[in-house]
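Below you'll find the structure, written out as structure tokens, and then a few comments.
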There are 2 protein chains.
Amino acid sequence: MTTSSRYAVALHVLVALAHLGEDGATSERLAGSVNTNPVVVRRILGLLAKAGFVSGQGGRHGGYKLARDPKKIALDAVLKAVEPDGIFPVHENPPNRVCPVSCGIKEVLGGVFARAEASMHDRLRETSVADLLRRVESTG
Amino acid sequence: MTTSSRYAVALHVLVALAHLGEDGATSERLAGSVNTNPVVVRRILGLLAKAGFVSGQGGRHGGYKLARDPKKIALDAVLKAVEPDGIFPVHENPPNRVCPVSCGIKEVLGGVFARAEASMHDRLRETSVADLLRRVESTG
DNA sequence: GCCAGAGTACTCGGATAATCCATGTCCGAGTGCGTACGG
DNA sequence: CCGTACGCACTCGGACATGGATTATCCGAGTACTCTGGC
């Protein structure tokens, strides 16, 4: 599995939890659904718990549950939770003062990237976890 | 997924080549501007050469030059060239037939991601390498 | 029968090894200029 | 003097080590159920 499928895994897990409802599921079961290691799921769910989307409970009969109405979980918020640094990292500012491009490129690229990401977030905001669940259930 | 900084480096290099014009530059000089290793630049320029944006010439007095008018190089095309697999990779299709979410999630996520990326591409298409160069020169 | 207590099974969370990708280093292939030699 | 052939300097492109990040394994902390013993 590639390194950057965190977002896809996060959405997969959220949809699964929305599907299961109040019962919730353990990280092992979710991992079986995603076909990965339970630790990966736990780590991603840790990020989602910090953002307030899920709640984890240890102990027997523990597991994860949604902490919010899936209709209130928009996809852009999930992306911010699991990729807080943004999609397009800019390389470190080069100290090359000779090249005029080096000096100004960072600021210019930052603006372009911010606008592009904002556009993407606007589109993602239109969809919620509940929408995804409905589509999955209708296609499945 | 954290896209690496390939895209930022690619744009930096393209702007630098547009700034230099017909003279072009070697990978070593470009690497000095980007503050990285020449081989990184060569690899990215290899992708851009495949896409027809630049042309590389070996031998003495070799180097890279733009192969197209910078006004005709849109930022979305550059992104496609350096990240052909898209921004949001979807994890491998899990063989878990028991979970209904597993079966349908891939297709649903694929659609959502495609729309989000399309929105971003539309925004990126509005800007060209020449626009970036103009902004860099005005701010510098 | 009922309650208290320890025991057990099960889960999450963090710390520690193994693995994978990206980066960095090196070498061969190719090109163009410069020079030396012969005519 | 002029042309040709060789040599050299320089560059790209790909193959081989290295580093950091991601992933997988392991162990401790915590919770709820269960069983046992006493009242």
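Atoms considered below: every heavy atom in the structure, side chains included; atoms not considered: hydrogens, waters and symmetry mates. Below, chain A is the first sequence line, B the second, and so on; all start at residue 1. Just so it is clear, the structure is predicted and the values come from calculations on it, not from any experiment.
- Protein atom CD of B:E83 is 9 Å distant from nucleotide atom P of C:dA22, rounded to whole Å.
- Put simply, B:S27 has no side-chain N or O that comes within less than 4.0 Å of OP1 or OP2 on D:dG13.
- Separating the CZ atom of B:R29 from the C1' atom of D:dC12 is a distance of 17 Å, rounded to the nearest angstrom.
- When atom types are taken as modelled, the side chain of B:S102 and the backbone of A:S33 share a donor-acceptor pair closer than 3.5 angstrom.
- B:I44 has its CD1 atom 12 Å from the P atom of C:dA22, to the nearest Å.
- Using the six-membered ring where Trp is involved, A:F88 and B:Y7 have ring planes that are tilted, between 30° and 60° apart.
- Transitive grouping of hydrophobic side chains (ILVMFWY, heavy atoms separated by less than 4.5 Å) brings B:V39 and B:V34 into a common cluster.
- Put simply, CZ on A:R42 is 11 Å from C1' on D:dT25, counting in whole angstrom units.
- Computed from coordinates, the A:Q57 CD to D:dG30 P distance equals 13 Å when rounded to whole Å.
- A distance-only check finds no donor-acceptor pair linking the side chain of A:S5 to the backbone of A:A8 [under 3.5 Å].
- Of all nucleotides listed (D:dG13, C:dT25, D:dT25), D:dG13 comes nearest to the side chain of B:Y64.
- B:G63 comes within 4.0 angstrom of sugar-phosphate atoms only, judged by non-hydrogen atoms across all strands, and of no base.
- The distance from the SG atom of A:C99 to the CG atom of B:N35 is 11.5 Å, given to the nearest 0.5 Å.
- With distances taken from any side-chain atom of A:V40 to the nucleotides D:dT23, D:dT25, C:dG13, the minimum falls on D:dT23.
- With distances taken from any side-chain atom of A:V39 to the nucleotides C:dG24, D:dA24, C:dT11, the minimum falls on D:dA24.
- Taking atom CG on A:D85 and atom C1' on D:dA21, their separation rounds to 14 Å, with Å as the unit.
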Report, one pair per line, the protein and nucleotides 7-10 of chain D atoms (nitrogen or oxygen only) whose separation is under 3.5 Å.
from, atom 1, to, atom 2, distance (Å)
D:dC10, O2, B:R60, N, 3.4

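- Under 3.5 Å, the side chains of A:S128 and A:D131 contain a donor-acceptor pair of N or O atoms.
- For C:dG14, the base has no donor-acceptor partner in the side chain of A:R43 [N/O atoms by modelled type, under 3.5 angstrom].
- OP1 or OP2 of C:dC12 has not a single side-chain nitrogen or oxygen of A:S55 nearer than 4.0 Å.
- In this structure, B:N37 places its CG atom 13 Å from P of D:dC12, rounding to the nearest Å.
- Across C:dT11, C:dT25, D:dA24, the shortest atom-to-atom separation from the side chain of A:E28 is found for C:dT11.
- Within a 6.0 Å sphere centred on CD of B:E28, heavy atoms belonging to other residues, nucleotides or ligands number 12 at most.
- Atoms CG (A:L45) and P (C:dG14) sit 13 Å apart, rounded to a whole Å.
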